[in-house]
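Worksheet: one structure, shown below.
The chains referred to below are lettered A, B, ... by the order of the sequence lines, with proteins before strands, and numbering in each begins at 1.
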Amino acid sequence: MASDKVMAMRDAVARFVHDGDTVVIEGFTHLICFAAGHEIIRQGRRDLTLARLTPDLIYDQMIAAGCARKLVFSWAGNPGVGSLHAFRRAIEGRRAEAALEIEEYSHFGMVARFAAGAARLPFWPLRNYMGTDLPRANPRIKTVTCPYTGEALATVPALNPSVTIVHAQRADAAGNTQMWGLVGVQKEAAFASQRVIVVVEELVPEEVIRSDPNRTVIPSMIVSAVVVEPWGAHPSYAQGYYDRDNDFYVAWENVSRDPDHLKRYLDDFVYGVPDRAAYLAKQPQVTRLKAKERWCAGVNYGY
Amino acid sequence: MASDKVMAMRDAVARFVHDGDTVVIEGFTHLICFAAGHEIIRQGRRDLTLARLTPDLIYDQMIAAGCARKLVFSWAGNPGVGSLHAFRRAIEGRRAEAALEIEEYSHFGMVARFAAGAARLPFWPLRNYMGTDLPRANPRIKTVTCPYTGEALATVPALNPSVTIVHAQRADAAGNTQMWGLVGVQKEAAFASQRVIVVVEELVPEEVIRSDPNRTVIPSMIVSAVVVEPWGAHPSYAQGYYDRDNDFYVAWENVSRDPDHLKRYLDDFVYGVPDRAAYLAKQPQVTRLKAKERWCAGVNYGY
Amino acid sequence: MAAVAARELRDGEVVFVGIGLPNLACNLARGTHAPRLALIYESGAVGAVPERLPVSIGDPALVTGSLMVCGMADVFQLFLQNGRIEVGFLGGAQVDRYGNINTTVIGPYDRPTVRLPGSGGAAEIAVHARRTLIVAQLNPRAFPERVNFVTSPGHRYAGRTRRELGMPGAGPVKVITDKAVLEGDEVSGEMVLAGLYPGVTVDEVQAGVGWPLARRERLEAVAPPTATELRVLRNVLDPKGLFLKKQSDGKTE
Amino acid sequence: MAAVAARELRDGEVVFVGIGLPNLACNLARGTHAPRLALIYESGAVGAVPERLPVSIGDPALVTGSLMVCGMADVFQLFLQNGRIEVGFLGGAQVDRYGNINTTVIGPYDRPTVRLPGSGGAAEIAVHARRTLIVAQLNPRAFPERVNFVTSPGHRYAGRTRRELGMPGAGPVKVITDKAVLEGDEVSGEMVLAGLYPGVTVDEVQAGVGWPLARRERLEAVAPPTATELRVLRNVLDPKGLFLKKQSDGKTE
């Protein structure tokens with residue numbers, strides 16, 4: 001029964017990502033699900049509110065492809081390289097017709113929004129933003145008075161996405177999902193979301209999950225679909241599976257700076273392929289990114 | 001340098017637990033550090049505020065020994081068995097001279113107090129306590145108005161202990177600590193605390209910790225002392241090391257019901273032994289509690 | 001009681017499990033009609049498959065082989081407050097006319113005659129679980145018209161309804177006792193008689209309850225444990241009779 | 001600049017590390033006078049020992065062999081807001097008279113000439129780290145009297161001090177540039193000239209700063225990188241010259 005959840009990316013996106021949705025593809029540098037972003041572009045989704053701490057290359061591509069109505073974020077750049085030029089073109093010297101709406105926080109603010117969403121609280125308090133222009137730029141940053149100390153604390157509103165897409169190293173067929181390395185804010189984003197698509201490097205038997213329950217980050221009960229998509233996070237990385245394709249990140253600076261070049265990229269690598277397998281067939285360099293082995297020390301769960 | 005932190009329980013308690021302190025020995029059923037509680041009793045600490053979700057047998061013993069001025073808690077019983085009778089004697093039909101002060105929450109309230117303390121916020125919001133008598137019994141449960149929805153939410157004040165004692169399976173000499181199985185609220189309690197004593201089943205080389213960094217719950221920077229005390233959680237348990245001594249929990253019902261019997265227990269097993277090794281020498285039954293092997297599946301941290 | 005409680009659980013539901021009878025009922029349901037029941041313990045174990053009858057809510061057998069173990073901040077915030085729990089099981093020293101439960105004190109709070117353990121996670125389970133089931137032995141001490149202290153909210157508090165008070169869950173839909181089943185009335189909020197165990201009369205039930213007990217128009221005849229239920233209980237779940245023995249002083253299991 | 005920044009770190013301190021020059025400076029300090037420096041990255045890696053120069057703040061090399069990896073809610077709540085971070089490193093497109101930093105926009109927020117990446121974790125680092133160090137190349141575009149947008153707070157905002165605004169940390173104690181070191185003045189809150197690199201004049205520094213620059217009574221002579229510092233930088237930390245090459249357009253490293 002539970003294995004009804006295992007499906008192709010095409011089907012998962014068709015069923016669970018709709019025009020107008022608030023979509024979160026999370027992952028801090030690590031485990032960013034480019035495979036899902038590409039499929040959303042291919043299926044021509046429109047009017048999406050894209051939310052994510054670091055929009056990264058995948059949201060730059062989705063903005064360029066016309067999927068986004070609004071971006072909710074805290075750091076919009078090409079990490080370690082430079083700019084997201086499709087994003088910048090949509091914002092700089094903004095004309096009425098260009099309108100990509102933005103809603104901007106700091107990382108802590110975005111993390112707090114997901115934490116509130118995951119706990120189903122309407123807001124989250126944080127000690128922040130005094131002496132900054134961020135609350136002027138974003139009136140959704142407010143304050144609350146502590147009932148014990150009388151102190152004013154900043155607040156951010158809960159973020160409850162329509163759908164969150166999490167890439168992970170492994171899950172079972174029901175969607176019990178394990179991640180390691182940088183785990184960012186994925187747990188909070190998933191629990192905050194109405195629907196969750198889990199995309200994994202490996203589908204594993206339930207017994208593997210059960211052998212190490214403290215490693216489980218997302219439980220099956222909140223998962224709508226499980227997609228098995230090896231290398232699905234390329235050009236980002238998956239700890240224990242493959243390294244970051246830094247050359248791609250560096251090359252993106254020139255690709256995204258030129259709208260025609262960016263369009264050619266989308267034509268070749270997104271619209272021009274039917275699925276992730278075809279994309280990978282065009283990326284022979286990935287074999288040299290395969291991870292070396294650095295296994296953890298085990299722990300005993302017996303009693 | 002870091003190994004200056006490794007010390008005997010006697011020294012850790014002498015240096016870091018003082019009369020009048022707010023002391024937390026956390027652990028939900030699992031990893032309750034009886035070894036530390038016994039040493040605190042032996043050293044005759046007084047006027048302590050003991051805080052913990054589930055006072056359990058160890059706080060019953062500390063109350064009986066006269067260490068406690070006040071108890072902060074959410075469930076005071078002998079789990080799966082019955083009552084904590086020393087606690088009940090100090091509370092029921094309370095006369096002025098008997099005064100054990102209490103401050104009472106639910107589990108969620110206590111968890112939220114530690115979460116606020118760990119985040120150094122003065123309060124934590126939760127949707128709770130409407131329709132209960134708990135706020136009448138404890139005026140520190142207040143409300144705050146959401147700046148977005150206007151909704152009234154319950155609040156609890158931060159709990160920032162003077163010292164938190166955490167029992168764990170393993171740590172390195174600097175205090176980087178790993179736990180698995182039930183992890184309760186130990187991470188939050190430790191981060192909320194001014195001082196942290198980590199008590200472990202095994203001292204391991206730093207490389208073991210570094211082989212699985214996602215398993216680390218408490219980082220060395222917040223740890224004051226590391227005590228190596230195998231079986232230090234008996235009669236509670238340590239997943240992967242030993243099972244709960246349920247016979248002891250069952251027997252406590254009769255021991256604690258009778259003040260003289262309880263006094264004899266403390267004389268024999270706490271005051272009458274110099275340290276944990278001597279206590280264990282009087283517990284031959286523990287060998288049958290040794291854990292069987294159920295090792296986890298490994299994960300690769302390579303790139 | 002375990003069998004009657006087990007029947008209230010539907011396959012695939014997410015249940016917040018307490019130790020003792022609720023644990024037995026949940027595992028009975030899993031062993032009979034609800035194999036995909038997802039069990040969560042407030043200790044943090046999710047999807048537990050205990051190889052022995054757990055002696056406490058934090059038994060190591062709940063951890064070994066479970067699907068997920070998380071910290072208690074996650075249990076209460078991400079699962080319970082998040083609205084993921086469909087059924088919560090509660091017991092109590094006292095249950096009153098409106099399904100309010102007392103597990104805190106008998107007598108005044110500041111000078112109690114009997115000090116009970118307190119809420120634990122019960123207050124928030126009663127607020128947040130989409131519905132709760134109460135299990136308790138029927139007698140007048142346990143079923144006063146009004147509890148001494150409301151630890152876990154039922155359907156009315158100071159005359160106000162759950163909706164008026166802002167509680168997300170539906171509250172105690174049933175009270176399962178050893179003689180009868182009571183249900184929360186949608187209009188009055190009172191716990192009313194809904195079903196009788198075989199051979200039990202309405203008067204016997206009224207004698208165990210401290211308020212004039214209203215009743216449903218048609219009373220359900222609560223079926224005794226089936227052969228399958230008894231087999232699973234006795235042979236699989238509790239072969240040593242650890243739990244059932246305690247409960248079997250003449251009452252239906 | 002990396003060497004000068006590294007000298008600001010004391011052994012045993014807990015440092016919130018950004019990528020690029022801060023990462024280089026921190027690892028230089030670890031390789032020279034501060035072997036027990038504890039490095040935390042906002043990505044969640046604590047006590048990282050990268051075997052290669054990390055290309056981003058989330059490089060897998062920061063994870064492998066680190067002491068702890070935690071979620072970002074813990075990074076910001078349990079480490080940063082908790083007050084555990086002693087030093088925060090910040091860079092910025094603009095730094096002003098009071099040490100306010102802009103990494104958000106050049107021009108008006110609603111219609112920017114240049115859209116910069118935004119805060120990331122910088123706003124909260126500037127609020128909470130016990131002290132912050134700013135690193136930036138000295139030129140008038142980068143050092144206006146007033147930034148276009150305050151992303152990360154310095155010593156004054158609308159005339160109010162950090163204490164008046166309720167900020168826990170001490171703010172930017174130093175700005176390390178390629179020509180001089182500025183310090184936050186305890187009384188005025190202004191960034192004032194405190195030290196000069198070898199061969200740099202006060203006038204040259206003033207020419208790179210958009211406000212009349214006050215100065216300490218005695219200016220420190222900033223020592224050039226020692227042979228040991230250069231050896232660690234060039235042979236151990238950045239043997240391929242990945243980072244130092246970019247920075248070495250005639251300026252002191």
Would you mind checking which part of D:D59 comes under 4.5 Å of any heavy atom in chain A, side chain (CB onward), backbone (N, CA, C, O), both or neither?
-> backbone
Min side-chain heavy-atom separation D:F149-A:L134 under 4.5 Å | yes
Side chains of A:W124 and D:Q77, donor plus acceptor under 3.5 Å = yes
Checking D:V75 against chain A: side chain, backbone, both or neither under 4.5 Å from a heavy atom?
-> neither
Check: A:T132 main-chain N/O paired with D:Y157 side-chain donor or acceptor under 3.5 Å | yes
Check whether any side-chain heavy atom of D:L80 lies under 4.5 Å from a side-chain heavy atom of A:H107, and answer yes or no.
-> no
D:T113 portion near chain A, given a 4.5 angstrom heavy-atom threshold = backbone
Chain A contacts, top residue of D:S119, D:G71, D:P60 (heavy-atom pairs, under 4.5 Å) | D:P60
Given a strict heavy-atom distance threshold of 4.5 Å, which part of D:P168 is in contact with chain A: side chain, backbone, both, or neither?
-> side chain
Should A:R136 and D:Y109 be marked as a side chain to side chain contact (heavy atoms under 4.5 Å, CB included) after you check the CA-CA gap, both sets of side-chain angles, and the distance that decides it?
-> CA-CA 10 Å; A:R136 284 200 326 193; D:Y109 183 79; over 6 Å; no
Pick one of side chain, backbone, both or neither for D:F76, based on which atoms fall under 4.5 Å of a heavy atom in chain A.
-> both
Portion of A:F73 that has a non-hydrogen atom of chain D nearer than 4.5 angstrom = side chain
Which portion of A:A137 sits near chain D, non-hydrogen atoms under 4.5 angstrom = both
Side chain, backbone, both or neither: which part of A:F114 has a heavy atom under 4.5 Å from chain D?
-> neither
Is there a donor-acceptor pair under 3.5 Å between the side chain of A:E92 and the backbone N or O of D:R115?
-> yes
Residue part contacting chain D, namely of A:L53, when any heavy atom lies under 4.5 Å | side chain
Per-residue contact mode, A:L126 against chain D (heavy atom under 4.5 angstrom) | both
Under 4.5 Å, counting heavy-atom pairs only, tell me which of D:S152, D:G118, D:A122, D:G120 racks up the most with chain A.
-> D:G120
Most contacts with chain A, counted as non-hydrogen pairs under 4.5 angstrom, among D:G154, D:P54, D:P117 | D:P117
Among the options A:G77, A:S236, A:S106, pick out the one with the most heavy-atom pairs lying under 4.5 Å from chain D.
-> A:S106
Residue of the set A:L182, A:T29, A:V183 for which side chain to side chain contact (heavy atoms under 4.5 Å, CB included) holds with D:S43 = A:L182
Looking only at heavy atoms, the pair that brings A:G131 and D:P153 closest together is O-CB, 3.3 Å
Looking at D:E124 and A:F108, what are the two nearest heavy atoms and their distance?
-> OE2-N, 2.7 Å
Choice from D:H128, D:E164, D:R160 maximising heavy atom contacts with chain A below 4.5 Å = D:H128
Provide the closest heavy-atom pair for D:G166 versus A:M130 in the form atom of the first, atom of the second, distance.
-> O-CE, 3.4 Å
Looking at side-chain heavy atoms only, is the closest gap between D:I57 and A:W75 below 4.5 Å?
-> no
Does any heavy atom of chain D fall under 4.5 Å from the side chain of A:Y237, the backbone, both, or neither of them?
-> side chain
A:R127 versus D:M167: any side-chain heavy-atom pair under 4.5 Å?
-> no
Among A:V217, A:N246, A:V81, which residue forms the greatest number of heavy-atom pairs with chain D at distances under 4.5 Å?
-> A:N246
Are side-chain heavy atoms of A:E104 and D:T104 found at a separation under 4.5 Å?
-> yes
